[in-house]
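Below you'll find the structure, written out as structure tokens, and then a few comments.
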Amino acid sequence: MTLTLAIPTHNDTECLRRLLAQARDLSIFDRVVVVDDASDTPVTREEVCPDGAWPGDSLTILRHEACRGPGVARNRALEHVDTDHLLFFDADDQLTPDLAALAHRLRGREFDFCLFRHADSRRNHWGGQGQMPLDEAHWRRAGVQVGELGSVSPDQAAALAETANYPWNKIYRTGFLRKHGIRCSETLVHEDIELHWMSFRHGRDVLVSDRVGAFHFVAAGGQRLTNRRGEERLAVFGPLDRLFNTLAADAPGKLADAFLRFVSGLFDWIRGNIDPGLLARFDGAARDFLLTHVDEPRFARITRTDPVLARRIVFQMERGRT
Amino acid sequence: MTGNIAIGPDAQINHALSVLRNGTAEGGIGNETRLLPGVVLRADPELKAGGRYTSPEGRLLDLDVTTAGAGSWLALHLSLGGGEYAPGSFVGFACRVAAPEPITVQPCLRSGTEDGFVDRFYNKHILAMPEEASHLDALPLQNQPDLPLHAPWRELILFLPTHSFRWSLHDLRVFVI
């Protein structure tokens with residue numbers, strides 16, 4: 001297995017330098033592709049790799065002259081990957097030694113992607129360690145919380161698809177992404193939703209590991225995209241529409257219903273993270289989305305299989321009318 | 001098994017555990033399953049224990065145990081060697097564990113005597129749940145007249161359930177201080 005580490009970055013040289021040093025120490029990556037999304041000071045090899053640990057073409061640095069978001073950056077990185085597998089990663093997160101053990105274990109295995117556990121900095125503040133409780137619940141529901149490496153059944157995939165749509169907790173087979181045209185959305189935020197769900201839609205040989213391969217840092221406030229509260233949040237409906245149409249047509253069963261459950265939760269998350277002045281527009285767009293995609297047969301099925309979701313959908317539709 | 005040049009009462013077992021941690025192994029489970037010199041899984045034959053164990057890279061042990069009978073014990077025995085412990089010592093361990101279905105594991109310090117052995121159980125059970133958890137405990141030897149400071153052999157024993165179960169021992173470190 002040859003493996004590329006693909007990293008979008010924007011004004012985060014210090015973290016990028018730390019990540020590249022970590023990646024060198026793990027000795028599992030053959031290539032690194034960095035896409036500098038219009039940092040104020042362009043990323044240079046000398047600055048992020050002062051010890052020359054990634055010589056020659058083992059490190060590729062690409063640059064956008066205008067900031068286009070991490071989705072565009074990841075897509076551009078994917079175009080330059082020439083290894084058979086890749087891991088998208090964010091500059092401000094950290095790799096863990098367990099990722100190396102997982103990569104060794106994956107050698108010689110056939111798979112489309114391998115989902116691994118991560119640790120979230122917010123858990124540390126509560127005195128714990130691991131993923132956020134909702135993600136743990138989805139892993140528990142899928143029955144994959146314990147196990148160094150296992151295959152994922154379609155039912156388990158539907159449960160795991162509802163986890164947070166991170167791009168950096170999966171080792172991908174490059175050919176899998178290219179064959180199915182799986183990419184990030186080119187929106188400034190929520191760019192990972194399409195990558196995540198289309199992966200589960202098309203994945204046939206999906207693996208899962210309880211190894212903690214990444215440490216995810218979440219910092220409240222600041223200029224990070226996660227903390228954006230403006231109009232860019234409204235752009236989420238484009239990817240959601242495309243995804244639902246695809247999932248409903250190609251995978252009308254559990255995965256499409258799982259996606260609706262995810263979307264319903266996402267709507268509530270966005271409402272808590274958007275400027276109050278945009279709430280009415282957002283609620284109206286959410287109502288339109290639900291009215292368009294939740295037809296009577298689907299709603300009838302949801303009322304039987306997931307009455308809580310049915311109640312939430314009704315509530316969210318009503319909220320958008322006012 | 002590579003040589004161990006570390007010294008101290010906990011050196012040999014921690015060396016054995018590091019060999020298990022850094023390598024990979026797998027095999028079937030029976031009444032006596034030798035994982036390494038000094039690391040043995042023992043089951044009451046009445047249990048009719050079976051199943052598989054694996055030792056993934058960077059981890060110690062994943063157990064998938066099946067039982068077909070009713071028996072009294074199933075335990076992971078870790079040899080601590082023999083010798084003299086100083087008065088006031090602590091014999092302890094730290095571990096990381098997980099299990100798909102919650103189980104408890106009861107740790108015990110077993111000390112050899114002229115006519116058998118004495119067991120001293122740790123106060124806390126190790127609780128293994130689906131989400132990995134860490135556990136730390138230490139047994140003080142102070143004021144424990146029934147626990148010999150000198151013993152020809154000792155074991156740290158982790159008593160496991162006597163029914164079918166899965167258990168992952170991600171890591172274990174033993175200390176004598």
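Here is the naming used below: chain letters follow the sequence lines, and residue numbers restart at 1 for every chain.
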Item to check | Contacting region of B:Ala99 [heavy-atom separation from chain A under 4.5 Å] | outcome: backbone
Item to check | CG/B:Asp146: more than 12 non-hydrogen atoms of other groups inside 6.0 Å | outcome: yes
Determine which donor-acceptor pairs between chain B and chain A fall under 3.5 Å and list them with their distances.
residue  : atom : partner  : partner atom : Å
B:Glu57  : O    : A:Arg211 : NH1          : 3.1
B:Glu57  : O    : A:Arg211 : NH2          : 2.4
B:Glu57  : OE1  : A:His104 : ND1          : 3.2
B:Glu57  : OE2  : A:His104 : ND1          : 2.7
B:Arg59  : NH1  : A:Asp210 : OD1          : 2.7
B:Arg59  : NH1  : A:Asp210 : OD2          : 3.4
B:Arg59  : NH2  : A:Asp210 : OD1          : 2.8
B:Glu131 : OE2  : A:Arg123 : NH1          : 2.7
B:Glu131 : OE2  : A:Arg123 : NH2          : 3.0
B:Arg166 : NH2  : A:Val146 : O            : 3.2

Checklist entry - Are there residues of residues 70-95 of chain B that reach to under 4.5 Å of chain A by heavy atoms, and which ones? => result none
Item to check | Heavy-atom pair with the smallest gap, counting every atom of A:Val146 and B:Ala98 | outcome: CG2-CB, 3.9 Å
